[in-house]
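Presented below is the structure to which this report refers.
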Amino acid sequence: MLEMQNEDKVYGNIAYACTTLQCERGLGNKTAMRWIDAHGGKTDFTFNDLDRESNRFANALDSLGVTKGDIFFTFLPKTPEQFFAFLGILKAQVICGTLFSNFGEEALLDRLGDSGAAGIVTRKGLFKKIMRIRGKLPKLKYIILIDGDGEPERGVFGYKDLTAAARDEYEVQPTTADTPSVLQYTSGSTGKPKGVLHCHGSLQGQMGTARDVLGLRHDDIYWCTADQGWITGTSYGIIGPWSLGITQIHYGGGFDAQAWVDLLAREHVTVWYSAPTALRMLMRSDETIFTSADLSELRSIHSVGEPLNPEVIAWSRRVMNRDIYDTWFQTETGAIMICNRPGMEIFPGSMGKPATGIEPAIVADDGTILKDGEQGNLCIKIGWPSMFSTYLNNESAYASKFKNGYYYTGDTARRDANGYYWFMGRSDDVINTAGHLISPFEIESALLEIDEIAESGVIGAPDELLYEKVVAFVHLHEGVVPTKDLELKIRLHVSNKASSIATPQEIIFCDGIPKNKSGKIMRRVLRARYSGADIGDTSTLEI
Ligand code: 6R9
């Protein structure tokens with residue numbers, strides 16, 4: 001029995017596997033994270049450090065009275081504390097939600113409110129966003145500031161004081177595959193964002209794909225550029241690599257072509273996981289940045305989040321003398337499902353073949369499994385280890401994603417005769433801008449709060465750099481004149497309420513928003529209007 005519990009503990013808990021287990025394997029003094037701040041300052045943290053710091057955070061949560069099954073969020077840019085807190089939260093079997101630090105107050109309120117979060121770890125610069133909505137969050141008891149002092153009477157705690165008072169050891173309780181672990185919200189085209197809940201058993205999928213798809217080996221130096229607010233940042237910026245005992249680089253600076261290439265060269269990065277928008281931005285920069293850098297140790301480059309255009313692969317082959325391996329997955333799938341990987345022939349434009357054990361199918365709307373070459377819904381046969389366990393508080397939306405033993409991804413794709421999958425698009429209106437999924441509904445709701453606006457409709461339009469850009473059609477109230485100031489007001493409002501990434505790139509003032517007879521915005525018509533295409537069947541149009 002004791003042995004059994006020990007096994008559960010060792011293999012069951014994600015954070016245990018990423019820290020204590022690595023120390024038990026003899027890797028305690030190995031660098032787990034080389035932290036590079038925005039000014040280039042470096043601090044190395046060993047697996048011992050990661051274990052101790054996450055133990056302290058878990059003890060701190062225990063001392064506050066946070067218990068198994070509660071939900072605690074991180075709302076931070078990349079900082080070492082982001083990682084310590086994430087792992088500490090999971091060690092305590094508390095569910096860890098992660099939030100992008102650019103979220104505005106409405107986006108925060110939706111997520112913290114829906115989940116009934118017990119607490120949040122953040123920093124002073126972001127604190128005011130939370131204080132503005134705190135009155136609407138009665139369940140939010142604990143705000144932990146990584147760079148501030150506590151005011152316990154207001155439910156505010158200083159990270160440093162809390163963790164300094166905490167013990168270095170933590171007894172992780174036996175954790176099973178179905179113990180809830182990570183929570184991330186994802187946008188749909190209607191309604192509020194949905195909380196995708198994962199379980200500790202997802203570790204198997206994340207560890208397996210980090211090894212088999214990213215090809216991570218014990219002597220690698222790995223850099224995943226994804227933010228921890230995103231599934232890629234948790235599955236492949238924390239869980240997958242650390243569960244394999246791999247050294248990771250984490251960089252606190254923003255995008256800068258020279259700084260990124262310098263980092264790749266100077267830190268001897270061997271495996272790099274990034275996204276098409278960043279790669280396209282690199283592609284636009286001066287080629288000598290690459291040709292003058294020594295990237296000889298860089299073994300493989302992987303990409304996720306948006307379609308990887310063949311031009312980017314051609315550029316990488318020419319300038320870096322390397323392929324880029326595209327990978328496809330979703331917040332819901334938890335781990336890579338379809339991919340190109342080292343050793344496989346690449347057909348530029350195709351996202352590759354199924355990862356080991358994954359069985360996708362292309363399915364028609366009527367449920368018929370389609371043949372090679374035919375386009376349809378991209379579905380995955382259920383039962384992979386990192387599959388989400390539910391949409392929090394939304395069992396019906398969860399159930400609606402499954403039919404005949406398949407999970408419907410919401411993407412459309414086709415498979416060719418060689419078994420390679422080709423992404424065709426999404427079957428909903430969700431906008432993918434620079435790899436971030438944005439709900440047009442969230443932006444429309446923010447726009448409607450602006451006094452001058454009568455109605456609005458938001459679409460994604462093709463963009464060379466971002467894949468899609470946010471375009472807002474705005475119908476103003478009678479007598480309101482569109483001005484540059486009004487445009488600025490609109491942009492600021494969306495940025496403050498939703499997020500800076502959701503801010504419309506283009507605002508088009510118009511006389512009315514096309515709706516169908518049940519009042520739904522016809523985004524298809526707006527897209528056609530934008531591209532100048534034929535607007536198709538308009539029999540259900542209101543105007
Ligand atoms: C990991 C992640 C998922 C959606 C997905 C699809 C798009 C992701 C892609 C890709 C084309 C790829 N997507 N990878 N499209 N090629 N290699 O991105 O999760 O934020 O939930 O987005 O992103 O539309 O359905 P998430």
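For ligands, and for the atoms within them, numbers begin at 1 and follow the listed sequence. Just so you know, these numbers use all the heavy atoms, side chains as well, and skip hydrogens, waters and symmetry mates.
Near ligand 1, residues W230, I231, T232, V304, G305, E306, P307, D326, T327, W328, F329, Q330, T331, D411, F423, R426, N432, L437 come within 4.0 angstrom through at least one heavy atom.
Put simply, the side chain of P193 does not reach to within 4.5 Å of the side chain of T186, judged on heavy atoms. The closest side-chain heavy-atom distance from F329 to T232 is below 4.5 Å.
Taking the side chain to side chain contact (heavy atoms under 4.5 Å, CB included) definition, one finds that P385 meets it with Q204, sequence neighbours left out. The ring pair (Phe, Tyr, Trp, His ring centres under 6.0 Å) test applied to F473 returns no partner, not counting sequence neighbours.
Screening residues 400-409 for side-chain hydrogen bond (donor to acceptor under 3.5 Å, both in side chains) gives Q330-Y407 as the qualifying pairs, with residues at least two apart or on separate chains.
Using a 4.0 Å cut-off between charged nitrogen and carboxylate oxygen, E449 and K497 count as a salt-bridge pair.
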